[in-house]
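What follows is one structure encoded as structure tokens, with my remarks underneath.
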Amino acid sequence: MNPAISFRNLTLSYGSRRVFAQLTGDIEAGSFVGVLGPNGAGKSTLLKAIAGLVRPTEGAVEIDGKPIRRRTPLIGYVPQAVHMDEDVPLTGRDLVGLGLDGHRLGFPLPSRARREAIEAALAEVNALHLADRRIGRLSGGERQRLLIAQAIVSRPRVLLLDEPLNNLDLASTQQVVDLVKRLAHEGGMAVLLVAHDVNPLIGRVDQILYLANGRMAMGTIDQVLRPEVLSGLYGYPVEVLRAGGRIIVAAGAMDGHAHAVSAASPEASVVLP
Ligand SMILES: Nc1ncnc2c1ncn2[C@@H]1O[C@H](COP(=O)(O)OP(=O)(O)OP(=O)(O)O)[C@@H](O)[C@H]1O
């Protein structure tokens, strides 16, 4: 069977700025993968390339073995930091319904099927009670659950979430991560979730995809978050500290914007067994 997501030799530049080069990886249906790496490493760009929203300079993405198409219902995508005005006159139900409108090919769903799809997506993220609430007045965690409902209402095979945990407190973070894990493991979706901190993902993700210095390493947390693997990616010594069940990647003073975009080597992907 084809992997749900497959990308080969993916290289992407914005003008003369190379973000990453020669990334290759497969993500199976039902798999929950955390996407990590320093600021500016290209995590959002990778998600956009998989969603077909930016065109790679080289390489290809396939979803279920077929070339990616823009606005396909096979992909649910939640971009980073969706701003919502407090007074926007949309309810939770309206927001989820918008997820059915973007992909339509001229034949709107009959209103009953549409209503049922929206209610099912709301139920899936435990947000039926938010259906009639104004979205601008919801908490960050409530809103994030509705955005995920919007992304899954068209029953996609692939779910791409760009920093859905930003600005959430610990309890909401855990709720959203557990929800996403259920969508992958029970719903059979392949999920990529971009996060800044690996700790809320420990014990929940199947794999991580770590991007740095234009290259990537993919494998379990224990396989990837090792000094030798990360030092190889960054190109200088990186420490991985474990304390009280938490993991800290100490990439030193050079970590951050200064080095994050640089020429990548041709052997850019380390996919660990
Ligand atoms: N539309 C664009 N045009 C030009 N450069 C861009 C564009 N979008 C992103 N970049 C640059 O590409 C690089 C990767 O950006 P991207 O947003 O993918 O990184 P990221 O890993 O998601 O970062 P962060 O963790 O800060 O959100 C950055 O240097 C960014 O400035």
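Remember, it's 1-based here, ligands and their atoms both numbered in the order they're listed.
- The two residues Y210 and V224 make their nearest non-hydrogen contact at CB-CG1, 3.7 Å.
- Hydrophobic cluster membership for I248: L241 (Ile, Leu, Val, Met, Phe, Trp, Tyr linked by side-chain heavy atoms under 4.5 Å, directly or transitively).
- Those atoms of ligand 1 that come under 4.0 Å of a heavy atom in E163, given as number and element, are 25 (O), 27 (O).
- Looking at ligand 1, you won't find any N or O of V19 less than 3.5 Å from one of its N or O atoms.
- If you number the atoms of ligand 1 from 1 as listed, the ones under 4.0 Å from a heavy atom of P38 come out as 21 (O).
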Please tabulate, one pair per line, all N/O donor-acceptor pairs under 3.5 Å involving side-chain atoms of residues 129-141, not counting sequence neighbours.
residue: D132; atom: OD1; partner: R93; partner atom: NH1; Å: 2.6
residue: R137; atom: NH2; partner: D87; partner atom: OD1; Å: 3.4
residue: S139; atom: OG; partner: E142; partner atom: N; Å: 3.2
residue: S139; atom: OG; partner: E142; partner atom: OE1; Å: 3.4

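- Proximity to G42 (heavy-atom distance under 4.0 Å) selects the following atoms of ligand 1: 14 (C), 16 (P), 18 (O), 19 (O), 20 (P), 21 (O).
- Taking 4.0 Å as the cut-off, G37 does not count as a neighbour of ligand 1 on heavy-atom distance.
- The structure places CZ of F32 at 9.5 Å from CG of L159, a figure rounded to the nearest 0.5 Å.
- Considering only heavy atoms from C-beta on, L46 comes within 4.5 Å of L209 through its side chain.
- Atoms of ligand 1 found under 4.0 Å from any heavy atom of T45 (numbered from 1 in listed order, with element): 14 (C), 15 (O), 16 (P), 18 (O).
- Near H196, with a cut-off below 4.0 Å to any heavy atom, the atoms of ligand 1 are 25 (O).
- Near Q80, with a cut-off below 4.0 Å to any heavy atom, the atoms of ligand 1 are 27 (O).
- Under a cut-off of 6.0 angstrom, the local environment of CD in Q80 is crowded, with over 12 non-hydrogen atoms contributed by other residues, nucleotides or ligands.
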